[in-house]
Amino acid sequence: MLRKLIELSKDLVFPKQCFSCKAWGSFMCNKCSFQLQTIKHQRCIECQKPNMLGLTHPKCKTKYLPERLITVFKYQQPIIQQMINTAKLAMIPEIFTELTITAITKIETTDLLDNFALCPIPLSIYKQRFRGFNQSLIITKIIAQQFKLPIDNLLFKNNFMKQQKKLDKQARQTNI
């Protein structure tokens, strides 16, 4: 009951508005959600060559790469960038919730998720305390609940690193 009252209060003070068309009620209205471009063909995370299941090719595997990565949206879409950046910088975790629910509706087949365990990417303690949430964990919990997948918290972050977003590919690899 208290949680619903808090949510209602937040909606009254900070009403949700579609990032694209500016309609009120949600961060992504149904009309704009329908227009989002999705990634039809998964790729190897390392070489970017097509791979239907998003698996890392055997020749590309290293001990630091995930075995598999499934991508729903192209980050290059301005609305996706704007939503992610606003959620992180303005500290609005609900944006990630809505974006994840939208992504789930775009997944055309659950075959991609066979024998899948989800592993959220951890934040540094500093980032977690500053932001108050870990977007990766929010996304992971929603997907796990929807598709009844296990969550494996096998990763941890024990030191502060530079933001990957601000680095080129070579610098990102060194930063890890």
Side-chain angles (χ1 to χ4, degrees), residues 1-19 26-28 33 36 39 42 45-46 54 56 61-107 112-113 116-176:
M1 181 70 169
L2 181 60
R3 178 171 273 160
K4 284 187 177 187
L5 187 59
I6 291 169
E7 287 300 314
L8 180 62
S9 299
K10 282 172 41 178
D11 284 344
L12 289 172
V13 178
F14 303 107
K16 296 175 182 176
Q17 188 176 27
C18 178
F19 273 81
S26 64
F27 295 115
M28 172 72 65
S33 166
L36 282 174
I39 293 176
Q42 299 300 316
I45 190 173
E46 178 64 19
T56 304
K61 282 186 179 180
T62 69
K63 69 179 189 175
Y64 297 111
L65 284 177
E67 292 178 19
R68 200 168 171 198
L69 178 70
I70 295 174
T71 309
V72 178
F73 299 120
K74 292 182 179 182
Y75 179 73
Q76 291 76 8
Q77 293 178 87
I79 187 152
I80 298 295
Q81 287 183 12
Q82 187 180 13
M83 288 181 79
I84 291 171
N85 291 333
T86 301
K88 289 167 100 175
L89 298 174
M91 296 178 261
I92 307 172
E94 293 86 6
I95 294 174
F96 286 111
T97 300
E98 278 194 35
L99 195 53
T100 303
I101 292 167
T102 301
I104 286 170
T105 65
K106 303 284 185 178
I107 296 175
L112 287 173
L113 304 174
F116 215 73
L118 302 172
C119 183
I121 307 297
L123 289 177
S124 67
I125 292 170
Y126 168 77
K127 278 280 188 193
Q128 178 80 38
R129 285 184 184 153
F130 177 77
R131 194 177 292 154
F133 64 92
N134 177 349
Q135 70 276 6
S136 179
L137 187 56
I138 291 170
I139 293 165
T140 299
K141 285 180 178 179
I142 294 168
I143 294 171
Q145 181 179 11
Q146 175 68 29
F147 296 109
K148 299 181 182 17
L149 296 170
I151 296 175
D152 192 344
N153 291 304
L154 61 96
L155 299 176
F156 65 94
K157 193 173 220 177
N158 59 4
N159 58 2
F160 181 77
M161 297 182 303
K162 295 177 187 173
Q163 267 190 310
Q164 294 287 85
K165 174 184 170 184
K166 296 180 179 180
L167 305 174
D168 62 25
K169 184 176 180 177
Q170 181 60 41
R172 283 195 302 266
Q173 290 175 338
T174 305
N175 194 40
I176 290 175

Please examine the side chains of Met28 and Phe19, heavy atoms only from C-beta on, and report whether any two atoms are closer than 4.5 Å.
-> no

Interatomic distance, CD1@Ile101 vs OG@Ser33, rounded to 0.5 Å, equals 11.0 Å

Residues in side-chain contact (heavy atoms from CB on, under 4.5 Å) contact with Ala144, at least two apart in sequence or another chain | Leu118, Ile151

For residues Phe27 and Thr86, determine if any side-chain heavy atom of one lies less than 4.5 Å from a side-chain heavy atom of the other.
-> no

For Leu65, look at atom CG and say whether over 12 heavy atoms of other residues, nucleotides or ligands are found less than 6.0 Å away.
-> yes

Quick one: pull up CD1 in Ile143 and CG in Leu149 and give me the separation to the nearest 0.5 Å.
-> 8.5 Å

Applied to residues 142-152, the side chain to side chain donor-acceptor pair (under 3.5 Å) test, sequence neighbours excluded, yields none

All side-chain contact (heavy atoms from CB on, under 4.5 Å) counterparts of Lys61, not counting sequence neighbours | Thr56

Heavy-atom pair with the smallest gap, counting every atom of Lys88 and Phe96 | CG-CZ, 3.7 Å

Would you check if Ile104 and Phe147 make a side-chain contact, meaning some heavy-atom pair closer than 4.5 Å?
-> yes

Look at Lys16 together with Glu98 and state whether they make a salt bridge at an N to O cut-off of under 4.0 Å.
-> yes

Anything under 3.5 Å between a donor and an acceptor, one on a side chain of residues 129-138, the other on a protein residue two or more places apart or in another chain? List them.
from	atom 1	to	atom 2	distance (Å)
Arg131	NH1	Gln135	OE1	2.7
Asn134	OD1	Ser136	N	2.9
Asn134	ND2	Ile121	O	3.0
Ser136	OG	Ile121	N	2.7

Here the gap from Thr102 atom OG1 to Met83 atom CE, rounded to the nearest 0.5 Å, amounts to 6.5 Å

Determine, stepwise, if the pair Ile39 / Ile70 fulfils side-chain contact (heavy atoms from CB on, under 4.5 Å).
-> CA-CA 9 Å; Ile39 293 176; Ile70 295 174; over 6 Å; no

Assess whether atom CD of Glu67 is packed by more than 12 heavy atoms of other residues, nucleotides or ligands within 6.0 Å.
-> no

Quick one: closest heavy-atom pair of Ile95 and Ala87, and the distance?
-> CB-CB, 3.7 Å

